[in-house]
Amino acid sequence: MKWVYIENISEYKAQEVEIRGWVYNKRSSGKVRFLLIRDGTGLIQGTIFHADKDFPLFRIFDELTQESSVIIRGKVREDSRAPGGYELEISDIEVIQIARDYPITPKEHSVPFLMEHRHLWLRSQKQHAVLQVRAETIRAIRDFFDGRGFRLMDTPILTPSACEGTTTLFETTYFDQKAYLSQSGQLYNEATAAAFGKVYCFGPTFRAEKSKTRRHLIEFWMVEPEVAFATLQDIIELGEDLVMYILGRVLEERKQDLEILERDPAPLEKISKPFPRLTYDEAVKLLKEHGSKIAYGDDFGAPEETLLSKIYDQPVCVTHFPAATKAFYMQPDSGRPDLALGVDFMASEGYGEIIGGGQRIHDLELLEKRLKEFNLPREAYKWYLDLRKYGTFPHSGFGLGVERTVAWLCKLPHIRETIPFPRLLYKIYP
RNA sequence: UCCUCGGUAGCUCAAUUGGCAGAGCGGGUGGCUGUUAACCACUAGGUUGCAGGUUCGAGUCCUGCCCGAGGAGCCA
């Protein structure tokens, strides 16, 4: 008998097939039994009818518990009463293992309990749907860049020094030296951009920040493109195209998952480019008009990001931040050197920043001056300064946080469900 | 690190002013021919986070600690 996956079940109408999976739930009503099986690709209901209550299949059915692993065989039938529209008339159940006392029941559980059982929670329908959206988002990102002639250039996770002196790094040892887990592949991207023109890196990043909010993870995934000779304007358009591409793909390919999550797709479907663009000055003015107490010169905190993304029903691009709030390598505006040519993309519906980036300093003298101002050790950045010494080039790039993007697409209240095993403040189990 | 709230059965929660620790789900047993987190009946299940204190009597009040959640700060 042919082993098939539930997602393909409609191709096997009226045929005898085999499904391998786990018991999601079961119900019985005297001489009818219903078995809900999941196999990783979907859910299907199996039925058993028999007049004799001692029917052998009934006895096997009665032994089954939630998450027991089984192989079931039977005939596929279309039935509008079944969840999913198809069901299997079960002729045989082969038990691989009876699961005892599966901790996650079909009723309510608290977040701490579910996080403690994250390795099992992944099997639940909504978690499955979120991670399908994540996988689709990642696939879309790679297709987007690969399709535009970008080269994937993996950057190191173990690094000899801080990309930034200001943020908190995870320190480890590298034989007899100190080493740190990467916070960003950007500096290395600038080197590969000079070799390949258009590059991107995609990998995990680590930040030892004591952040305990709905939008921070200790370990998260970020895609970072870097384009040689691109300006701030060029990179804003690239970011818009990327966001539109991800949106289109998820809306097209994962509609069912958004439905499972009860995520109304309408606000996402309304999004179109170009996104509204504001300078920092304009944004501060607008925030003050809407009651924010932000002082000019302050970086946006969570409440400002949320407020800003609620004012528009589109993602918003904010540019020209005060240079003092931004990284040392940000190119200053030619007219107003106190402003940095940076851009933050705020997702709609209150989700805040999903992209941060900008144009990098390409002038050697200016970069050396900035390193001094930020008290960064020149020796550690020797190779980085070489990029300005040998054929320097204006260039720009950004980083898009995968988890924040997925949380927005799925409209989740917290980022922690957007990655299979989140690393949270003080929490590394399971 | 700070502020707020919480910790009672495997899970989610209730318990009046300090006065017999209880329900639903899950487990077990039985019933039901179309269930949709099925339903109905019965049943087993407790170191009330830990340590101390007040009291005739503490889940409830007090002190300290531990753990968790929400928010703030922090945060290319």
Side-chain angles (χ1 to χ4, degrees), chain A residues 24-36 43-53 55 58 62-63 65-67 77 79-85 87 89 99-117 124-126 162-169 182-187 189 205-218 220 222 224 298-303 305-306 321 323 325-330 340-345 352-353 355-360 374 396-401 404 413-414 416 424-427:
Chain A
Y24 197 69
N25 204 354
K26 62 175 195 175
R27 306 175 192 103
S28 69
S29 179
K31 300 183 179 61
V32 197
R33 316 267 154 127
F34 300 97
L35 194 59
L36 257 127
L43 267 178
I44 192 165
Q45 176 167 276
T47 55
I48 314 169
F49 289 85
H50 208 277
D52 180 4
K53 69 171 188 174
F55 185 52
F58 281 173
D62 290 344
E63 289 295 304
T65 55
Q66 202 190 345
E67 289 304 316
R77 207 188 61 221
D79 194 316
S80 59
R81 291 170 293 185
E87 61 185 20
E89 287 171 14
R100 300 284 171 209
D101 301 320
Y102 184 70
I104 301 174
T105 67
K107 290 282 175 179
E108 288 165 33
H109 297 283
S110 62
V111 169
F113 179 81
L114 291 167
M115 286 308 305
E116 194 70 13
H117 296 86
S124 301
Q125 234 187 338
K126 286 198 177 179
C163 286
E164 287 292 316
T166 52
T167 43
T168 324
L169 290 161
S182 175
Q183 291 186 314
S184 162
Q186 191 211 305
L187 302 192
N189 268 348
T205 49
F206 307 87
R207 297 192 188 175
E209 291 159 11
K210 304 257 162 98
S211 295
K212 193 176 126 77
T213 80
R214 70 181 65 194
R215 59 185 90 190
H216 285 86
L217 289 174
I218 302 301
F220 66 98
M222 186 158 67
E224 295 172 274
D298 285 356
D299 206 352
F300 293 162
E305 284 189 5
T306 303
F321 290 89
T325 66
K326 291 288 170 183
F328 74 91
Y329 49 69
M330 284 275 193
L341 294 181
V343 58
D344 280 359
F345 281 54
E353 185 186 351
I355 284 180
Q359 191 169 330
R360 329 301 189 186
F374 279 75
S396 304
F398 63 77
L400 173 134
R404 286 182 176 182
H414 199 292
R416 66 189 152 215
L424 298 158
L425 185 57
Y426 305 126
K427 237 181 127 54

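- Here Met222(A) lies in heavy-atom contact (under 4.0 Å) with a base.
- Here the NE2-CD1 distance, from His117(A) to Ile104(A), works out to 6.5 Å after rounding to the nearest 0.5 Å.
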(Q) Dot-bracket for RNA chain B, please. Rules: Watson-Crick or G-U, both distances under 3.5 Å, ( ) within the strand, [ ] when a pair crosses earlier ones, | for another strand, . otherwise. (A) (((((((..((((.....[..)))).(((((.......))))).....(((((..]....))))))))))))....

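- Residue-to-nucleotide contacts include no donor-acceptor pair under 3.5 Å from the side chain of Arg100(A) to the base of G26(B).
- Taking atom C1' on both G73(B) and U16(B), the two are 41 Å apart, rounded to the nearest angstrom.
- Atoms CD and CZ, from Glu87(A) and Phe34(A) in turn, are 7.0 Å apart once rounded to the nearest 0.5 Å.
- Here G70(B) presents its C1' atom at 14 Å from CG of Leu425(A), a figure rounded to the nearest Å.
- Comparing the P positions of U47(B) and C5(B) gives a spacing of 29 Å, expressed to the nearest Å.
- Here, A44(B) and G10(B) have their P atoms 16 Å apart, quoted to the whole Å.
- For U63(B) and U54(B), the P atoms lie 15 Å apart once the distance is rounded to whole Å.
- Comparing Asn25(A) and Glu353(A) along RNA chain B, the residue whose closest nucleotide (by nearest heavy atom) sits nearer the 5' end is Asn25(A).
- For the P atom pair drawn from A58(B) and C50(B), the interatomic distance equals 15 Å after rounding to whole Å.
- Within a 6.0 Å radius of NZ in Lys210(A), other residues, nucleotides and ligands contribute 12 heavy atoms or fewer.
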Q: Report, as a single string ordered 5' to 3', how protein heavy atoms within less than 4.0 Å touch nucleotides 4-15 of chain B: B base, S sugar-phosphate only, - not at all.
A: -------SS---

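- Remark: C1' of U35(B) and NZ of Lys31(A) are 15 Å apart, rounded to the nearest angstrom.
- In this structure, Leu36(A) places its CG atom 13 Å from C1' of G34(B), rounding to the nearest Å.
- Minimum atom distance to the side chain of Arg207(A) is reached by C75(B), of the listed G34(B), G70(B), C75(B).
- Between Phe58(A) atom CZ and G31(B) atom C1' the separation is 14 Å, expressed in whole Å.
- In terms of position along RNA chain B, the nucleotide closest to Leu424(A) lies nearer the 5' end than the nucleotide closest to the other residue of the pair Leu424(A) and His216(A).
- As rounded to the nearest Å, C39(B) and G53(B) have P atoms that lie 48 Å from one another.
- Contacts of His414(A) with the nucleic acid, taken as non-hydrogen atoms under 4.0 Å apart, involve only primed sugar atoms and P, OP1 or OP2.
- Thr105(A) meets the side-chain hydrogen bond (donor to acceptor under 3.5 Å, both in side chains) test with His109(A); sequence neighbours excluded.
- Contact annotation: side chain of Glu87(A) to base of G34(B), donor-acceptor pair present below 3.5 Å.
- A donor and an acceptor atom never sit less than 3.5 Å apart when one is taken from the side chain of Ser211(A) and the other from the base of C75(B).
- Gln45(A) CD to Leu36(A) CG: the interatomic distance, rounded to the nearest 0.5 Å, is 5.5 Å.
- With Phe220(A) as the aromatic partner, Arg207(A) does not meet the cation-pi criteria of under 6.0 angstrom to the ring centre and within 45 degrees of the ring axis.
- At most 12 non-hydrogen atoms from other residues, nucleotides or ligands lie less than 6.0 angstrom from CG of Asp101(A).
- Of the listed nucleotides (A72(B), U35(B), U33(B)), A72(B) has the atom at the smallest distance from the side chain of Lys212(A).
- Nearest to the side-chain atoms of Thr213(A) among the listed nucleotides G34(B), C74(B), U35(B) stands C74(B).
- At a threshold of 4.0 angstrom between heavy atoms, the contacts of Gln66(A) with the nucleic acid are absent.
- Within the nucleic acid shown, Arg404(A) has no heavy atom closer than 4.0 Å to any nucleic acid atom.
- For Phe34(A), the side-chain atoms get nearest to G34(B) when compared with the rest of C32(B), G34(B), A69(B).
- Aromatic ring orientation, Phe58(A) versus His50(A): perpendicular (interplanar angle above 60°, classes split at 30° and 60°).
- As a whole-Å value, the separation of Met115(A) CE from G70(B) P is 10 Å.
- Comparing the C1' positions of U60(B) and U48(B) gives an interatomic distance of 10 Å, to the nearest angstrom.
- Nucleic acid contact class of Arg360(A) (heavy atoms, under 4.0 Å, all strands): none.
- Taking atom C1' in both A14(B) and G46(B), the straight-line distance is 15 Å, to the nearest Å.
- Arg81(A) and Thr47(A) share no side-chain donor-acceptor pair at under 3.5 Å.
- To the nearest angstrom, P of U33(B) lies 10 Å from CZ of Arg33(A).
- Checking A72(B), C32(B), G34(B) against every side-chain atom of Thr47(A), the shortest atom distance belongs to G34(B).
- Using a cutoff of 4.0 Å between basic side-chain nitrogens and carboxylate oxygens, Arg215(A) and Glu305(A) are scored as salt-bridged.
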Q: Give the intermediate values and the outcome of side chain to side chain contact (heavy atoms under 4.5 Å, CB included) for residues Gln66(A) and Tyr24(A).
A: CA-CA 6 Å; Gln66(A) 202 190 345; Tyr24(A) 197 69; 5.9 Å; no

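- Computed from coordinates, the Asp101(A) CG to A44(B) P distance equals 19 Å when rounded to whole Å.
- Note that the OG atom of Ser182(A) and the CG atom of Leu187(A) stand 9.0 Å from one another [nearest 0.5 Å].
- What separates NZ of Lys326(A) from P of C75(B) is a distance of 11 Å, to the nearest Å.
- The residue Asp344(A) sits apart from the nucleic acid: no heavy atom pair falls under 4.0 Å.
- When distances are taken from the side chain of Glu209(A) to each of C75(B), U35(B), G34(B), the shortest belongs to C75(B).
- Taking only side-chain atoms of Asp79(A), from C-beta outward, the nucleotide of G34(B), A37(B), A72(B) with the closest atom is G34(B).
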